[in-house]
Amino acid sequence: MSGLRVSEATIGHPGDSDVVHGVSLDVPLGGVDAVLGASGSGKSTLLLAIAGLLPLRSGEIAVGGEVVSSRRRTVPPERRGVGWVPQDASLFPHLSVAQNIAFGLPRGQRDPRGERVRSMLELVELTGFGDRSPADLSGGQAQRVALARALAPAPGIVLLDEPFSALDASLRVGLRRQIGRILRDAGATALLVTHDQEEAFAFADRVSVLRDGRLEQTGTAEELFARPRSAWLATFLGESTLVPARREGDAWATPFGRVPAAPGATDAERALLVVRPEQLKPYAAGTPITVDDVEYSGHDRLLLASVDGVPGTVLMRMPSAVAIERGAVMPVRIDGIPHAVPLP
Ligand SMILES: Nc1ncnc2c1ncn2[C@@H]1O[C@H](COP(=O)(O)OP(=O)(O)OP(=O)(O)O)[C@@H](O)[C@H]1O
């Protein structure tokens with residue numbers, strides 16, 4: 001069964017044109033998924049519609065199998081079983097930690113001393129913190145209280161809106177792991193929204209990439225990275241060189257020579273090969289590249305190079321022990337079987 005299903009949702013802000021265009025997502029029950037997109041791609045707009053704060057212009061949203069948004073109907077936020085963890089925790093400063101968590105429960109069940117609040121405090125590893133004021137919490141603790149508040153009523157889906165972005169980099173990774181574990185322990189269905197690829201890949205079972213309000217591709221991190229459907233996604237998801245290629249039987253002819261075509265690769269006459277910086281290797285009989293710049297990063301060096309026939313910069317990674325200067329000319333080849341994407 002589906003925890004959250006968004007079907008061809010088109011969404012816009014009142015009086016403005018559409019910003020999310022026909023997006024579909026399906027988060028299975030107990031799944032932890034992410035929506036990844038650059039600033040302005042429509043992530044927050046999508047979350048607002050899932051939470052019931054923006055109506056749909058077309059399409060449908062269902063939580064736990066119940067339709068909560070359609071063109072004709074928007075179930076109010078408090079009645080759709082959606083929990084929300086905002087960027088900055090947004091705890092009520094005049095309430096204690098326990099009272100904040102109790103606030104997530106339905107009216108009449110808001111007992112800060114009750115069993116549900118106690119078990120939520122335990123789940124987020126804040127037993128003994130119930131009487132504290134939010135002002136006395138660290139940023140990471142405050143986010144865990146916000147998570148406990150969102151989880152308290154056992155919602156059908158928990159939405160996490162860039163929940164780590166307000167924290168120091170040193171705390172972010174630890175909290176990310178902790179929150180991922182808490183959600184899985186609780187068996188919650190969750191959707192994280194982030195602009196941070198590493199965060200989306202590390203946190204979520206599956207990632208949907210939004211580009212200008214449209215869904216580019218959904219898949220596991222491995223699927224998206226190894227087999228992006230478009231040249232745009234290949235470069236959005238990591239450093240790569242897009243190498244023009246022409247089909248010759250079961251190989252591609254490229255400025256780096258012939259390379260084997262992956263089984264099931266596009267049968268188009270022409271394509272772009274996604275060559276990651278690690279896939280270019282020095283090779284005496286290879287194609288000479290000219291090194292235009294070198295970025296040293298401790299464990300390795302990234303070479304920014306050029307070669308005839310490849311528009312843009314060629315990226316190649318070398319161990320830092322190998323000293324290479326700007327201006328060097330080095331013969332290289334493509335190692336392995338690169339993934340091909342259609343010409344844009
Ligand atoms: N309240 C609003 N009224 C009108 N337009 C809005 C409103 N909020 C956002 N938009 C527009 O909708 C588009 C998508 O914005 P949205 O905030 O959903 O993107 P985002 O991916 O969440 O970006 P960010 O990561 O910067 O928050 C943008 O063009 C933005 O200008």
Side-chain angles (χ1 to χ4, degrees), residues 4-27 32-61 63 68-71 74 76-77 80 82-90 139 142-143 146-147 150 157-169 171-173 175-176 179-180 189-204 206-219 221 224 228-230 232-238:
L4 170 73
R5 175 169 295 144
V6 178
S7 311
E8 300 188 9
T10 294
I11 315 159
H13 294 270
D16 267 319
S17 45
D18 300 344
V19 292
V20 170
H21 310 268
V23 163
S24 298
L25 297 175
D26 200 343
V27 186
V32 175
D33 282 18
V35 172
L36 171 67
S39 178
S41 58
K43 305 182 297 294
S44 305
T45 302
L46 178 62
L47 277 199
L48 290 172
I50 297 171
L53 296 163
L54 265 181
L56 292 186
R57 293 189 175 161
S58 64
E60 205 172 83
I61 297 174
V63 174
V68 290
S69 286
S70 67
R71 208 159 62 86
T74 306
R80 51 172 59 208
V82 173
W84 181 281
V85 180
Q87 216 170 84
D88 57 354
S90 302
Q143 276 306 40
L147 178 64
I157 176 94
V158 182
L159 305 175
L160 301 118
D161 184 9
E162 304 257 10
F164 316 111
S165 60
L167 299 171
D168 287 351
L171 295 174
R172 216 176 290 157
V173 173
L175 183 70
R176 182 174 85 203
I179 288 194
T189 307
L191 185 66
L192 166 79
V193 152
T194 179
H195 65 276
D196 183 330
Q197 178 199 334
E198 187 199 311
E199 188 168 296
F201 277 20
F203 191 81
R206 294 189 323 158
V207 178
S208 294
V209 182
L210 265 193
R211 175 192 186 188
D212 297 335
R214 291 189 162 78
L215 189 66
E216 188 76 10
Q217 190 172 341
T218 296
L224 294 180
R229 253 185 239 148
S230 65
W232 178 85
L233 190 61
T235 45
F236 180 72
L237 292 182

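Order of listing sets the numbers, starting from 1, for every ligand and every atom in it. Residues: numbered from 1 along the sequence shown.
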Could you list the donor-acceptor pairs under 3.5 angstrom formed by side chains in residues 158-167, with sequence neighbours left out?
from: Glu162; atom 1: OE1; to: His195; atom 2: ND1; distance (Å): 2.9
from: Glu162; atom 1: OE2; to: His195; atom 2: N; distance (Å): 3.2
from: Glu162; atom 1: OE2; to: His195; atom 2: ND1; distance (Å): 3.0
from: Ser165; atom 1: OG; to: Glu162; atom 2: O; distance (Å): 3.1

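Atom-to-atom distance recorded for Thr189:OG1 and Asp33:CG is 9.5 Å, nearest 0.5 angstrom.
Side chains of Gln217 and Ser230 form no contact here, defined as non-hydrogen atoms less than 4.5 Å apart.
Within a 4.0 Å radius of atom 31 (O) of ligand 1, the protein has no heavy atom.
If you look at Asp16 next to ligand 1, the close heavy atoms, those under 4.0 Å, all belong to the side chain.
Protein heavy atom at the shortest distance from atom 19 (O) of ligand 1 is Gly42 N, 3.2 Å. With respect to atom 28 (C) of ligand 1, the closest heavy atom belonging to the protein is Gly40 O, 4.1 Å. Among protein heavy atoms, atom 26 (O) of ligand 1 sits closest to Ser39 OG, 2.6 Å.
Remark: Pro14 pairs with Leu54 by the side chain to side chain contact (heavy atoms under 4.5 Å, CB included) rule, at least two apart or across chains.
A pairwise comparison of heavy atoms in Arg176 and Ala202 identifies NH2-CB, 3.3 Å as the closest pair.
Between atom 5 (N) of ligand 1 and the options His13, Gln87, His195, Glu162, the minimum heavy-atom separation is to His13.
A heavy-atom separation below 4.0 Å is not found between Gly37 and ligand 1. In this structure, Ala38 counts as a contact residue of ligand 1, since one of its heavy atoms falls inside 4.0 Å of the ligand.
In terms of N/O distances under 3.5 Å, ligand 1 is approached by Lys43. For Val19, no nitrogen or oxygen atom sits less than 3.5 Å from a nitrogen or oxygen atom of ligand 1, counting backbone and side chain alike.
Checking side-chain atoms of Glu199 against main-chain N and O of Val173 turns up no donor-acceptor pair under 3.5 Å. Under the 3.5 Å distance criterion, the side-chain polar atoms of Glu216 are left unmatched by any main-chain donor or acceptor of Arg211.
More than 12 heavy atoms of other shown residues, nucleotides or ligands fall within 6.0 angstrom of atom CZ in Arg57.
Near Ser44, meaning under 4.0 Å from one of its heavy atoms, ligand 1 places the atoms 17 (O), 18 (O), 20 (P), 22 (O), 27 (O). Interface atoms of ligand 1 facing Thr45, defined by a heavy-atom separation under 4.0 Å, are 14 (C), 15 (O), 16 (P), 18 (O).
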